[in-house]
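Have a look at the structure below, then the notes.
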2 protein chains.
Amino acid sequence: MLAHDRVYRTLRVQIMHGELEPGISLTLRGIGKQFGVSMTPAREAVRRLVAEGALSLSASGRVSTPDLSNERIEELASVRALLEPELASRALPRAHIALIERLSAINSTVSEVVAKGDAVGYIRTNLEFHRTIYLRAQAPAMLAMAETVWLQLGPTMRKLYGRMQRTEAPFQHRAILTALRAGDEQGLKAAIRNDVAGGLRMLVG
Amino acid sequence: MLAHDRVYRTLRVQIMHGELEPGISLTLRGIGKQFGVSMTPAREAVRRLVAEGALSLSASGRVSTPDLSNERIEELASVRALLEPELASRALPRAHIALIERLSAINSTVSEVVAKGDAVGYIRTNLEFHRTIYLRAQAPAMLAMAETVWLQLGPTMRKLYGRMQRTEAPFQHRAILTALRAGDEQGLKAAIRNDVAGGLRMLVG
DNA sequence: CATGCAGCATTGTGATCACAAATGTTCGTC
DNA sequence: GACGAACATTTGTGATCACAATGCTGCATG
């Protein structure tokens, strides 16, 4: 596999899952050393991640994980609340019983990692729950945009993990599952909105 | 200004405004020569544009303007129909008379370039009309996502320019202006939806 | 003890090069 | 004339280097 792609993918997952805190400084040489490559692929990976909002550039070109303002957090939450109900809506006709059972299993894992206080595990399994639904929507461009938003929120979610009422997520997810089982499109969209916006709305206050 | 940034900005505008057709091949050395720089800044600009969907990469790393499938076009139109009414809605309370007059002037330019059959001019002024509204929304992340969609659609809009009923755009825009003047949020959102989705829906058939 | 400045280390940028893979071309064969 | 193989060219990738600018450290000064 190409070096710059390997660096990109690894960093992307780390950022999206909240393995890095906001405001952490990265250097091209440091990334290169970490992955055993030269500056060149590190530079390309960083450039790509910056373009996706996963990393921030200072005026002088220094690289760091983004430290989002409350306004920006609310804005990204609004984008989630726009895109994700639509994705869920498109997935609904294709959501069979096997999918719902798989989602239920993922949701059990969410409860487990919440009980353990595992921030990264919580973010990862929570996103896995959502992605599993949206993959059924057959809308790759829309899903990519939603994932870009998750990516931008990764470090922030880690930072605010303590402030989130994480025990509520499995309940919200159960509402999603109920709507999926019932084929209730409006209920599904509302449940998704509650889950994605509700979780982030109150942690900026 | 930084070389790679200059290359990026220039190519980005060219792509967004439909100055390049879909499927055009680009090379790093060619871009470098065109801008009087080495491969390095050309590479970074291309990497960034690929990350934004403005350019496509073949399996072997060759760069070209994207040639979108009908499914992808409809999907991107749906994203526009989700994001842009929200942006307009947020701009509405801040839309004063001076803004509306400026929009009206832009719309006159749209009519002129349509009359001239100027595809690039049509795309540019049409996007300028929308951006002028959305800038008032004070939602930079959401606007950035909308612009990313425009960017991805740039070459395709050029290709399908002949099939678009471009003379209808100024009318749709007038409906937008009417709703803005009346402070009619629901009417505004509907007018935006008609404009962005309506224009693209019928050109994929 | 705080502050500002000089000197130093760190960092991103752009150019150049070697290399391998992919692409295009040419020529021969059927 | 069409097809295929060998060759030549083009192209992206990754490494390395020089350079300028930025950020940091420590020391002297008030």
Side-chain angles (χ1 to χ4, degrees), chain A residues 1-15 19-68 144 151-152 154-155, chain B residues 1-15 19-68 144 151-152 154-155:
Chain A
M1 186 197 285
L2 262 32
H4 70 88
D5 220 50
R6 180 169 54 90
V7 176
Y8 164 76
R9 280 190 228 266
T10 306
L11 288 178
R12 182 183 139 97
V13 168
Q14 288 179 355
I15 295 167
E19 297 177 31
L20 280 58
E21 291 188 32
I24 296 292
S25 287
L26 302 177
T27 66
L28 300 182
R29 288 172 178 85
I31 294 170
K33 182 167 288 187
Q34 180 185 341
F35 287 88
V37 298
S38 78
M39 287 175 56
T40 310
R43 232 200 295 200
E44 300 197 34
V46 164
R47 198 61 73 189
R48 204 169 155 188
L49 290 163
V50 168
E52 295 177 358
L55 292 174
S56 299
L57 280 189
S58 78
S60 64
R62 298 318 225 275
V63 188
S64 61
T65 52
D67 196 356
L68 305 180
L151 192 57
Q152 297 181 32
Chain B
M1 186 195 287
L2 263 31
H4 70 88
D5 220 49
R6 180 169 54 90
V7 176
Y8 164 76
R9 281 189 227 267
T10 307
L11 288 178
R12 182 183 139 97
V13 168
Q14 289 179 353
I15 294 168
E19 297 177 32
L20 279 58
E21 291 188 31
I24 295 292
S25 288
L26 302 177
T27 66
L28 300 181
R29 287 171 178 85
I31 294 170
K33 182 167 288 187
Q34 180 185 340
F35 287 88
V37 298
S38 78
M39 285 175 59
T40 310
R43 232 200 294 200
E44 301 198 34
V46 164
R47 198 60 74 188
R48 203 170 157 189
L49 290 164
V50 168
E52 295 177 358
L55 292 174
S56 299
L57 279 190
S58 77
S60 65
R62 296 322 224 276
V63 188
S64 61
T65 52
D67 196 356
L68 305 180
L151 191 56
Q152 297 181 33

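Remember, predicted model here, so these are calculated numbers, not experimental data. The figures that follow rest on heavy atoms only: side chains count, while hydrogens, waters and symmetry mates do not. All chains are named by letter (A, B, ...) in the order of the sequence lines, taking the proteins before the strands, and each is independently numbered beginning at 1.
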Pairwise distance CZ(A/Arg62) to CG(A/Leu28) - rounded to 0.5 angstrom:
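CG of A/Leu28 is found 10.0 Å from CZ of A/Arg62.
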Distance from B/Ser64 atom OG to B/Ile24 atom CD1, nearest 0.5 Å?
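Result: 9.0 Å between the selected atoms.
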Along DNA chain D (nearest heavy atom to each residue), the more 5'-positioned of B/Gly30 and A/Asp5:
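Residue closer to the 5' terminus by nearest nucleotide: B/Gly30.
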Taking C-beta and beyond as the side chain, do A/Leu49 and A/Leu11 meet within less than 4.5 Å on heavy atoms?
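A/Leu49 reaches A/Leu11 side chain to side chain.
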Quick check: do A/Thr27 and A/Val63 have side-chain heavy atoms less than 4.5 Å from each other?
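No, every pair of side-chain atoms sits at 4.5 Å or beyond.
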Where chain B begins and ends its contact with DNA chain C, read 5' to 3' at 4.0 Å from heavy atoms:
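Here the contact window of chain B covers C/dT13 to C/dT23.
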Between P on D/dG12 and CZ on B/Arg29, what's the gap in Å once rounded to a whole number?
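It works out to 7 Å between those atoms.
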Rounded to the Å, how far apart are B/Leu28 CG and D/dT11 P?
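Distance, rounded to whole Å: 9 Å.
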Is A/Leu26 touching bases, backbone alone, or none of the nucleic acid, heavy atoms closer than 4.0 Å?
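Sugar-phosphate, no base atom in range.
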side-chain hydrogen bond (donor to acceptor under 3.5 Å, both in side chains), paired with A/Tyr8, selected from A/Glu52, A/Arg47, A/Glu44:
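Exactly one pass, corresponding to A/Glu52.
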Does the distance from a Lys or Arg side-chain N to an Asp or Glu carboxylate O, for A/Arg48 and A/Asp5, drop under 4.0 Å?
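Yes.
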Near DNA chain C, which residues from residues 32-43 of chain A have a heavy atom under 4.0 Å away?
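A/Met39, A/Arg43 - these, ordered by number, are the residues of the stretch whose heavy atoms sit under 4.0 Å from the strand.
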Has A/Ser56 got a side-chain atom pairing as donor or acceptor with A/Thr65's backbone, closer than 3.5 angstrom?
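No; judged by distance alone, with no hydrogens or angles, the pair does not exist.
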Non-hydrogen atoms of B/Pro66 and B/Pro22 that approach each other most closely:
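Residues B/Pro66 and B/Pro22, closest heavy atoms: O-CB, 3.3 Å.
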